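Worksheet: the structure to be examined is printed underneath.
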Amino acid sequence: MEITSTLFTAKAIYVGVIFAITLGVAAYSTYFERIIAAFMQDRVGPDRAGPFGILQPLADAVKMFMKEDFIPSQSSKWLFIVAPCLSMLTALMTSAVVPFGDKLDLGGDVFLDLQGIDVNIGILWVFGIVSLGVYGILIGGWASNNKYSLLGAIRAASQNISYELAMGLSIIAILMLSGSLSTKTIVETQQNGHWNILYQPLGFVIFIVCAFAECNRTPFDLPECETELIGGYHTEYSSMKLGFYLFSEYINMFISGAVMATLYFGGYDYPGYEFVLDKFGMNIAALLGVGALIGKALIFVFIFMWVRWTLPRFRYDQLMGLGWTGLIPLSMFNVVLTGATMLFTVNGEGSNWMTVLLSWAGVAVMLVVTAFYSQSQYKKKKLATA
Amino acid sequence: MNFWYFLTALTLLSALMVVLSKNPIHSVLYLVFTFFCISGHYVLLNAQFLMAVNIVVYAGAIMVLFLFVIMMMDLRKNMPDSKNTLTKLAGAILGGTLLVIMVAATRKMDLSGDATIANYSSQTGMVESLGKILYRDYVLPFELVSVLFFVAMVGAVMLGKREAGERNF
């Protein structure tokens, strides 16, 4: 009884801390997005609220809460209110299965796993919640009773479903490597520098592109494309309901960064783990691991912003073309390539380095063949039109 | 056990609301909620993998497409006509037959058999044991089902991709 109650309290504190970190990171992402945008466009950016403008998220929150909360008269009221909450809920639920760190020793043989729930279907949980994320946008767009909102919602739905397929196929290659659906096991197989990015260069590229599409970030932010759709699915939203939508996007960015770090960049693994474990003990090593994972996730958040202020938006048919004719065949090729490279490690004859070498060589061969093929197609087309 | 009663009541209630609500969008949303309740039942039966797949496939993909199609329709114009007597009769007969089959199946079921705590295995519903059964004992049906899916997919593409001025089928 004693042990379970200690563990329960510790777990509750852990969940609270993760919740606070997620919200804090999301709040400060809005600030850093503006700072990065300002840097890239040679402006100053927010600098009024507090030193360097670091109180800007607070000021934004106050502004959001103070604004008039408007509900369109012909809308379906309950769904209009529920939709942003759903967005927020699904954004926050994914972090339950992300292992933020190894174990903490609480004394008296009580060990706390630094992970919300260690279910043996971990990665499917992530996948399920991601596929539910579109409901918030879909319902919100429909409930607004506005044609532009509806168009944004429908775009979001078709975009998310299209990119989920490629995302799932790229995850399958990871599952083949680690032999388990559990996120904890996936991280444990990557310890000591055996990060999946070494074995899965192509899979990672596919996954990050799909993550951009699933988070509705530029260059795939068609659902809120303001040049065509006013504000997309959140045209009719104001006050904190709009705030929830914007906030859930930043949470999604952070969490998808954490998921990418878990799947491809060794999770809470960091160079020198053994050394820290010997010198300072288990708890310090585990906490440093948490720091490592959050740091990796923040790097991904930065990449999200970097891309946003670098690339222009896709056209809608280009988006669908990339998803269905580009990424899905590529991810199928990736599954076959992973199977081929794994022949070396499974039979125990080759070393890990051969697998790594073969995965990169496979990608290189694929690139060369595609380049030659598209060149010949291009020449044919040119001859036909000339 | 109490939780099971609560979940079952919730499932039945939301399933009823699927049929009873006037607005098709509300029906679809209730159906999504019903799928969640059924996933809850899967968890209670220790089948986590089924729960996740149910949510990913049904709630995450198929229902989104349902919503998609219903939102595209103009509901004020395309309201389904009120049912005539024949459809009502057909529905009653179909539903009644299903009920009879289910009652008969339940009566035939042997609940006293193996399901005791002594030979209960906590790994029964886990993905590892499911995969072993699926790929060892039921390989042929499994592969046949995937062929069936493939045929259906090709058929859908054939139907959907009708080029101007020609018939593909």
Side-chain angles (χ1 to χ4, degrees), chain A residues 74-76 78-79 82-83 86 90 93 97 117-145 147 149-165 167-168 171 175 179-182 185 214 233 324, chain B residues 17 21-33 35-36 38-40 42-43 46-76 122-132 149-150 153 156-157 160-161:
Chain A
Q74 290 286 309
S75 65
S76 136
W78 275 106
L79 291 182
V82 164
L86 264 181
T90 47
M93 266 165 81
V97 291
I117 38 172
D118 184 16
V119 281
N120 75 346
I121 49 156
I123 198 64
L124 279 181
W125 168 282
V126 174
F127 203 55
I129 302 296
V130 164
S131 64
L132 294 179
V134 71
Y135 276 106
I137 295 175
L138 205 54
I139 293 172
W142 182 77
S144 310
N145 191 29
K147 293 226 162 59
S149 302
L150 184 62
L151 279 176
I154 282 173
R155 279 183 173 192
S158 47
Q159 172 181 330
N160 276 37
I161 286 191
S162 310
Y163 279 77
E164 249 162 46
L165 296 175
M167 193 181 221
I171 290 177
L175 300 185
S180 170
L181 286 168
S182 152
T185 319
E214 298 283 331
Y233 60 91
W324 287 96
Chain B
M17 289 306 289
S21 49
K22 291 263 185 283
N23 189 331
I25 300 266
H26 294 175
S27 286
V28 173
L29 293 178
Y30 278 119
L31 192 54
V32 173
F33 192 70
F35 281 132
F36 271 96
I38 291 173
S39 290
Y42 285 145
V43 173
N46 204 18
Q48 293 177 359
F49 180 71
L50 264 187
M51 166 272 218
V53 168
N54 190 37
I55 286 182
V56 170
V57 175
Y58 284 95
I62 294 183
M63 283 298 119
V64 172
L65 288 180
F66 257 65
L67 262 188
F68 186 93
V69 172
I70 291 176
M71 282 177 181
M72 293 276 262
M73 290 194 307
D74 190 354
L75 292 178
R76 263 167 245 131
S122 68
Q123 294 299 313
T124 309
M126 295 295 161
V127 56
E128 289 86 0
S129 31
L130 189 71
K132 271 176 194 145
F149 266 122
F150 186 66
M153 246 162 69
V157 170
K161 198 184 167 194

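Every chain is numbered from 1, with letters handed out A, B, ... down the list of sequences. No experiment lies behind these values; they were computed from the predicted model shown. Computed over heavy atoms, backbone and side chain alike; hydrogens, waters and symmetry mates excluded.
Proximity of a side-chain donor or acceptor of A:Y135 to a complementary backbone N or O of B:A59 within less than 3.5 Å is detected.
Atom CG of A:L132 sits about 12.5 Å away from atom CE of B:M63, to the nearest 0.5 Å. Within the model, atoms CG of A:L79 and CD1 of B:I25 stand 8.5 Å from one another, a figure rounded to the nearest 0.5 Å.
A pairwise comparison of heavy atoms in A:I121 and B:A52 identifies CD1-CB, 3.6 Å as the closest pair. Shown here for A:S131 and B:G60, the closest heavy-atom pair between the two residues is OG-CA, 3.6 Å.
Contact of B:V32 with chain A is made through the side chain alone, with heavy-atom distances under 4.5 Å. Residue A:L181 touches chain B through its side chain alone, counting heavy-atom pairs closer than 4.5 Å. When heavy atoms are compared at a cutoff of 4.5 Å, A:L138 approaches chain B by way of both its backbone and its side chain. In this structure, the portions of A:S158 lying under 4.5 Å from any heavy atom of chain B include both its backbone and its side chain.
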Would B:I70 and A:W142 satisfy side-chain contact (heavy atoms from CB on, under 4.5 Å), going step by step from the backbone distance to the final call?
CA-CA 10 Å; B:I70 291 176; A:W142 182 77; over 6 Å; no
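Side-chain contact between B:V127 and A:L124 is absent, with no heavy-atom pair separated by less than 4.5 Å. Taking 4.5 Å as the limit, every side-chain heavy atom of B:Q48 sits out of range of all side-chain heavy atoms of A:W125. Residues A:N160 and B:V64 fail the side-chain proximity criterion, which asks for heavy atoms closer than 4.5 Å.
In this structure, B:F35 places its CZ atom where more than 12 heavy-atom neighbours from other residues, nucleotides or ligands lie under 6.0 Å away. At most 12 non-hydrogen atoms from other residues, nucleotides or ligands lie less than 6.0 angstrom from CZ of B:F33.
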